[in-house]
Amino acid sequence: MTLFFIVTLNGLTLAALYFLAATGFSLIFGLMRTVNMAHGALLLLGGYVGFSVVEATGSWGLGVIAGGLAAALAGALVQFGILGWMQGDELRQTLASIAISIIMADLMLWHWGGITYQVTLPELLSGGQRLPLLGVGYASIRLALMAFALVIGVALWFLIQKTRFGAVIRAGVDDQAMLRALGFPIKRIFISVFALGGMLAGMAGVVAASALSIAPGTDLQFLLSSLVVVIVGGMGSVGGAALGALLVGLAEQYGLAYAPTYGAVFTFAIMVLVLAVRPQGLLGRAEK
Amino acid sequence: MPVNGTQNHANALDARGIGKRFGGFWAVQDINLTVRPGERRAILGPNGAGKTSLFNVLTGDLTASAGTVRLFGQDVTREPIHKRIRRGLRRSYQHAHLFEGLTVRETLFLAVAGVQGSWAQVWPLKGSDKRLAEADRLAEVAGLTSFSERAVSELSHGQRRQLEIGIALAENPRVLLLDEPAAGLSPAERPKLSALLMALPQEVTVVLIEHDMEIALQTSESVSVLYNGRMLAEGTPDAIMQNEDVHQVYLGGGYAQ
Amino acid sequence: MKNAPLLAVLLALPLFLNDFWLTQVATRALILGITALSLSFLATYLGVVSFAQAMMAGIAGYTIAYFGPNTVAIGWELPFWLSIPLALVLATLAGALTGLVARRSRGIYAIMITLAIGVAFFYLTRQNYSLFNGWTGFSGVRAPQVFGLNLRAPVPLYLMTLAVAVAALVLVAGFVRSPLGLTIQALRDAPGRVRALGIPALGPIVAAFAFSGFIAGAGGILNVWYNERISSFSVGLGPIIDILIICVIGGLRHPAGAFIGAIAFVLLETFAVDLIDRDRFNTLIGLVLLAIVMLAPNGLQGMAAALVARLRPRAATPKTSI
C-alpha cells in the first residue's frame, strides 16, 4: 500500500510538471495554431539559467524568476524574429520551430555540457514531510511543486477568465480573424502570449531541475509530454492541460512501477484511446 | 443498376419530420418530403431557408437531429454518405472542393470507381479499363471531352459546374440531388444545363435546388418551397405561382406579374 | 526512358569512386533517401507530414537484428529469406497502425500525433530489454551471404541499395497512378468530397500509411545492414528530424526530392568537419533547415523546378495523369 501511495505521489509530481510545461504549449497553440516544437528547448533553457542563477546568488526564488524570464525572452524573440513572419502557414512554422529547437539544444549542450544538473534546494524545501493520514514521508520540494502548479493553474484561470488580456486570448482562440478585424494589435498579443508560454516553460524547467534533474534530452521528454497532454486534454484549454497532465503523469508512474519495461506504451495507449473516442481531446472543442 | 422489384412501389425519397440543429439553432424543422421515382422536383426558397441543410441531411453529409430518411423504402437515416451513394443516390455541391491535383478524366474515373466500390486497386490503370471508357462518356455528357486531360485546378467556374454534373451522373444514378447547378453560370451556359437535365433518362429522380426560376419551372413537374427552415408550400409550378404565401415571402408579389 | 543516362552513371559509379565515397556517401545517401521517400510520398500524395517514419524503418531494422545473427544473444535466428519479408510486413503493419491512429488528423494535428508515436517508440526501445535490448540495442548484425557473395561489401551493398531505391521510386510512380493512388490524392485535395463519391476515407488513409511503412521498412533493413547495429538512438529524435530535414531540403512536393535532399544532407554531414567544429553539426543543420524554410519552402527540388519553369515559360505544369 505504501508503494501505491508513493507511486501516486510521484505521478502527481510528474503531472504538476507536465501541467506547467503543457499549459504554455497549449495556450500558444490554441491562440495562434502554432505548434511550438521549441517548447521543450525553452523549458531546458529556463532550467539551465535557473541553475546558474541559484549557483551564483544562492537564492532559489531568484533562480525560478530568472529561468522564467530567460525563457520568456527567448520565446518572445522566436515569435518576433521568426515565427511571426510566417503566421498562418502552420507547416512552415512547425518546421522553423524544429530548426530553432535543434539549434538551441546544440548551443545549450555547448555551453552547459552533457552533464546532469540538479538545483541546490533552499533549507525550507530540502527535507521531507511526514504526510498525515497516508503515513508516508515525501520530499518537501515535490509537495511544494504540486502546490506551485496549483497556484499557477488558479492564476492562469484568473488571468484568462477574469482579465481583459484573458478575454482577448479567449476571443482569439475562438476566432482569430475576428480579433484582427476588430483592430487588436495582433502581433503584440501573439508575442506576449509566446512570452507567457515561454515563462511557464522556463519556470517549469527550474522546478524540474529542483525536484528531479535536467540534462540534454529533458527538452524532448517535456516536448513529448506536452504534445500528449494537449492531444489528450484538448488544445487551448487550461483545464484540458490539467486533466491531460494528471492522466499522463499518473499513467507514466504506475507504468514505471508495475510494468517497468513498457512504461512508454501507457502514455501512448492513453493518447490512442482518447483519439479514438474524442478526437478533439477530453475538454477540447471540436474543430469545424 | 438493377431495380429491385419489391421496392418498385416505394417512394424514391421519403423524408419524415426532418430537423437539423446547429447548437441552439434549427436550420430546418419538421420537414416532410416525398418524391416519387422518376419525379422532377424543384426546391425553392430565399437564402437561409434551409435548402442546403435539408440536402445535407438527405444525402448523409450531415446526420439528422430529428426525423427519418428513406431511400426506396430503406431507412438510411444513420447511414454515412458513402453507403447512400451505393444505393443510387448522387449529389452535386454548390460550393464544393474538387480534386485540384487530379485531371478531369481522373476525377470522373474516381466517381465511377467510387460507386462501383472498385477504388481499392493497387496496380496501375490500363488504358483499356472499362471504367475509363465510362469516365470518357461522362466527360462527353458534361461537355468536357476536350478538357479531359486538364488539371481540375485549371478549369473555369462554368467547367467546374459541368464537372459537378458529370460526377453526379456516374454509374446510372437513381436519385439525383443537384444543389444550384446553374449558380454562377453565364446566360449563354444556362440553356445548355437545362437541356442536359431534360435529357436525363425518365426513370431518374431529380431534386433540384435552384434560384433560377426559369430553369426550375422548365425542368420540374412539382415544386416545394422552404421558408425559415419549414415547408411553406408544395404543388405544381402553376399552383405555386398562384400561392399567396409564396408570393408574400419569396416572389415578393412581382414574379407572376 | 529519359532517366536512362542517369541510371547508367549511377551503375558505373563503383568504377570511379573509392570505398569511402561509394559507401559513406553514395550508399548512405541512397539508404537515407529511401527512408525519406516514405515521408515525401505521404507528404506529396496524402498531404500529411509524418514523424513516425523512423519508427517504421526502426521496426524493420529491429526485426532483422532480432531474427538474424547478432552478438547480444537476444532473439533467434531465421534464414534471411524469412526475416526480410517479416521485417517488411511488420513495418507495413506499423505504418497501417499509425494511419489508423492519425486517420482523422491533418496538418499540424497529424504532425503532433505522429511525433508522439515516434518518440513513444523511442522511449519503448530504451525501456524494454526483452525485445529491444534497451539503450544498447543490437550489435554485430550482419548482412546475408548470398552464393558466397557478402552483401555488406562496398560494391554489392551499393548496387543492392541502388536497385532498392530504383524499385521504390518505380513502385511509388506506379502506385500513384493506380485507382487507390488516385483516391489517396483525392483525399489530399478534398477529403469530404471523397466520401461523397462513395468511398470511405479510412481505407485509403490506412493504405497510404501502410505503403509508406513498406518503403520505410526497406530503408530500415538496408540501414541496419549498413550500420551493422541498431539501438534506441537509431529511432530517436535525431533520425526522426534527419528524415524530415532531408525531405525539406529536397522539397516536400515531389518524391524525387527525398534523394536530392539525402545527397545534400550526406555531403553536408561529410564536409561540415572542414567548415566548423564537428560537435556543432546540429547547429549547422538547424541553420540550414531554418534558411530553407524561410527562403525556399519548396526545397532544392522546388528551386530547380522553378528555374526550369523560368527557362521554359511555355512548358505545361507538371501533373499526374493516367
Side-chain angles (χ1 to χ4, degrees), chain B residues 56 59-62 80-93 96-127 129 131-132 135-136 148-154 164 167-168 170-171 173 177, chain C residues 41 43-48 92 96 103-104 106 169-212 214-215 252-255 315-322:
Chain B
N56 286 337
T59 57
D61 280 289
L62 297 174
I81 183 164
H82 65 263
K83 292 204 175 146
R84 298 190 201 187
I85 298 291
R86 304 272 181 83
R87 295 182 181 277
L89 181 78
R90 302 283 186 285
R91 76 166 294 177
S92 76
Y93 290 83
H97 300 290
L98 288 163
F99 311 128
E100 305 293 333
L102 301 189
T103 63
V104 169
R105 196 173 190 223
E106 288 167 335
T107 303
L108 291 171
F109 166 82
L110 275 188
V112 175
V115 178
Q116 289 183 349
S118 63
W119 49 269
Q121 174 190 326
V122 293
W123 57 92
L125 269 173
K126 283 207 196 81
D129 198 297
R131 294 167 292 178
L132 277 179
D136 291 338
S148 115
E149 293 298 336
R150 269 305 159 79
V152 171
S153 58
E154 296 169 21
E164 282 282 344
I167 294 172
E171 289 289 279
L177 304 185
Chain C
F41 161 77
T44 308
Y45 297 109
L46 186 63
V48 169
T92 308
R103 67 192 179 277
R104 294 209 183 99
R106 327 212 112 237
L169 273 173
V170 168
L171 206 59
V172 169
F175 184 65
V176 300
R177 276 168 181 71
S178 73
L180 184 57
L182 290 175
T183 308
I184 288 166
Q185 293 168 71
L187 271 170
R188 167 199 63 197
D189 292 342
R193 193 60 198 263
V194 172
R195 279 186 288 274
L197 295 184
I199 304 173
L202 178 63
I205 291 177
V206 171
F209 271 94
F211 182 75
S212 88
F214 180 80
I215 303 276
L252 275 170
R253 302 275 153 81
H254 195 283
T317 46
K319 64 188 177 203
T320 58
S321 68
I322 295 176

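Bear in mind the structure is a predicted one, so any value in this text is a computation, not a measurement.
Both the backbone and the side chain of Trp119(B) come within contact range of chain C, judged by heavy atoms closer than 4.5 Å. Heavy atoms of Ala111(B) lying under 4.5 Å from chain C belong to its backbone as well as its side chain. For Arg131(B), the part lying near chain C is the side chain, with the backbone staying farther off; criterion is any non-hydrogen pair under 4.5 Å. Contacts of Leu89(B) with chain C are absent, with no heavy-atom separation under 4.5 Å from either backbone or side chain.
With chain C as partner, the option from Val152(B), Asp129(B), Leu110(B) having the largest number of non-hydrogen pairs under 4.5 angstrom is Leu110(B). Note on Pro179(C), Gly174(C), Ser178(C): by heavy-atom pairs under 4.5 Å with chain B, the leading option is Pro179(C). Ranked by heavy-atom pairs under 4.5 Å with chain B, the list Gly192(C), Gly203(C), Ala173(C), Ala196(C) is led by Ala196(C).
Residue pairs meeting the ring-ring contact (aromatic ring centres under 6.0 Å, His included) criterion with at least one partner in residues 171-191 of chain C, sequence neighbours excluded, are Phe41(C)-Phe175(C), Phe175(C)-Phe211(C).
The number of heavy-atom neighbours closer than 6.0 Å to CZ of Phe214(C), taken from other residues, nucleotides and ligands shown, is 12 or below.
Taking a cutoff of 4.0 Å between a charged side-chain nitrogen and a carboxylate oxygen, Glu164(B) and Arg193(C) qualify as a salt bridge.
Of all heavy-atom pairs spanning Leu180(C) and Pro204(C), the tightest one is CD1-CA, 4.2 Å. Of all the heavy atoms in Arg103(C) and Ile205(C), the pair that sits closest is O-CD1, 3.4 Å.
Checked by atom type and distance alone, the side chain of Asp189(C) pairs as donor or acceptor with a backbone atom of Gly101(B) at under 3.5 Å.
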